[in-house]
Amino acid sequence: MTTLSNGVIFDAHLDLAWGTQLGRDLTLSLEDLREQDPVAGQTACVTFSELRRANVAACFGTLFACPASEDYPQGYDQTERDGWKGARRQAISQLDQYRRWQDAGFIRLLGSGEEVAAHVRAWNPEAPGPLGVTLLMEGADPLGSASDLDFWRAAGVRLIGPAWGRTRYAGGTDAPGPLTGRGEELLIAMREGGVVLDASHLDDASFEQAVALQPNVIASHSNSRTLVAGNRHLSDEMAAAITERGGVIGLVALSTFIRGGWQDGDPRATFGEWAKHARYYGETFGWEHVGLGTDLDGGFGLEKAPAGMQVYGDVRRLQSELPDEKWEGVRVGNWLKWAEANL
Ligand SMILES: [Zn+2]
């Protein structure tokens with residue numbers, strides 16, 4: 001294996017196209033984006049130039065369809081029979097955004113573990129190329145049914161998290177429940193079609209069924225429930241099920257998910273506290289299963305990121321909180337090895 005000592009980063013969860021849906025232009029410099037940012041109260045830290053500066057070679061980039069809520073009334077209507085078509089519209093428009101970014105040279109869509117590994121290994125920090133992006137669908141509602149999987153697979157989607165909150169497929173965050181019948185069909189189709197299961201956001205009941213149907217599983221952005229209560233985070237049973245199947249778990253950089261009981265206005269969580277999740281996973285389930293899945297700018301800004309984070313590149317502050325010899329695996333090596341074997 002060629003060395004990855006050039007400091008390159010792989011981030012398993014970035015809601016890049018979602019930012020565009022909120023009116024952000026990620027092709028701007030961070031300074032310019034912040035100056036004209038339409039998203040109030042969430043200071044951005046992700047733009048393409050900023051990711052390049054931080055030496056992020058590749059990521060899983062999401063297609064995230066947001067359901068309607070008080071905060072986002074233009075989302076899709078989960079109460080309507082055909083409401084999921086609104087989810088499909090959002091995902092299609094995000095897919096189109098990734099393609100336009102690729103045409104403009106900002107990203108390169110990567111469809112297999114082999115492509116991801118070749119892209120990351122060839123990365124030259126002196127002359128960084130486009131950001132490598134493998135598409136991850138967060139929440140399966142953009143699919144009408146399992147029979148739509150072929151379409152999305154052909155479009156480049158390699159990983160799907162069936163839940164966010166509750167979807168038509170699975171119980172999810174703060175919305176307990178099992179897989180639906182449609183969900184079971186989707187998981188079987190994912191196994192047969194070679195689409196990886198992202199267990200982040202799955203409720204315990206749906207998780208157990210899902211890993212039984214599709215054992216090729218990761219958690220792109222999930223901290224530990226042993227340190228922070230709630231079904232958004234992985235119980236030890238879930239983390240064991242993922243890691244026993246060879247999966248990797250991405251660490252989320254959100255204060256609410258780092259420190260139990262954190263509320264808006266509290267001092268931000270520290271990098272030391274974030275590292276506790278890494279250490280807990282590493283020491284309990286094996287360091288080879290720990291990676292980054294920061295979710296930065298995905299619904300929160302610097303106000304909720306660890307204290308000291310000013311720009312994306314400050315993710316590196318995690319290094320000093322981890323055992324020296326583990327950092328390379330956490331920042332890139334573990335996801336890369338996983339991708340080569342499983343994606
Ligand atoms: Zn998420």
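Order of listing sets the numbers, starting from 1, for every ligand and every atom in it. Since we're looking at a predicted model, the values are computed, not measured. Keep in mind that the numbers below use all heavy atoms, side chains included, and drop hydrogens, waters and symmetry copies.
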Regarding Glu303 and Thr43, is there a side-chain donor-to-acceptor distance under 3.5 Å anywhere? yes
Determine, step by step, whether Ser224 and His233 satisfy the side chain to side chain donor-acceptor pair (under 3.5 Å) criterion, reporting the C-alpha distance in whole Å, the side-chain angles of both residues, the deciding distance to 0.1 Å, and the verdict. CA-CA 5 Å; Ser224 169; His233 316 292; over 6 Å; no
Looking only at the side chains, is there a donor atom on one of Ser69 and Asp71 sitting less than 3.5 Å from an acceptor on the other? no
Side chain to side chain donor-acceptor pair (under 3.5 Å) assessment of Tyr280 paired with Asn223: CA-CA 10 Å; Tyr280 181 73; Asn223 291 347; over 6 Å; no
Take a 6.0 Å sphere around CZ of Arg100 and say whether it holds more than 12 heavy atoms from other residues, nucleotides or ligands. yes
With 2.8 Å as the limit, jot down which protein N, O or S atoms are around the Zn ion (ligand 1). Glu138 OE2, His201 NE2, His221 NE2
On the 0 to 90° scale, with breaks at 30° and 60°, tag the Tyr281-Phe285 ring pair as parallel, tilted or perpendicular. tilted
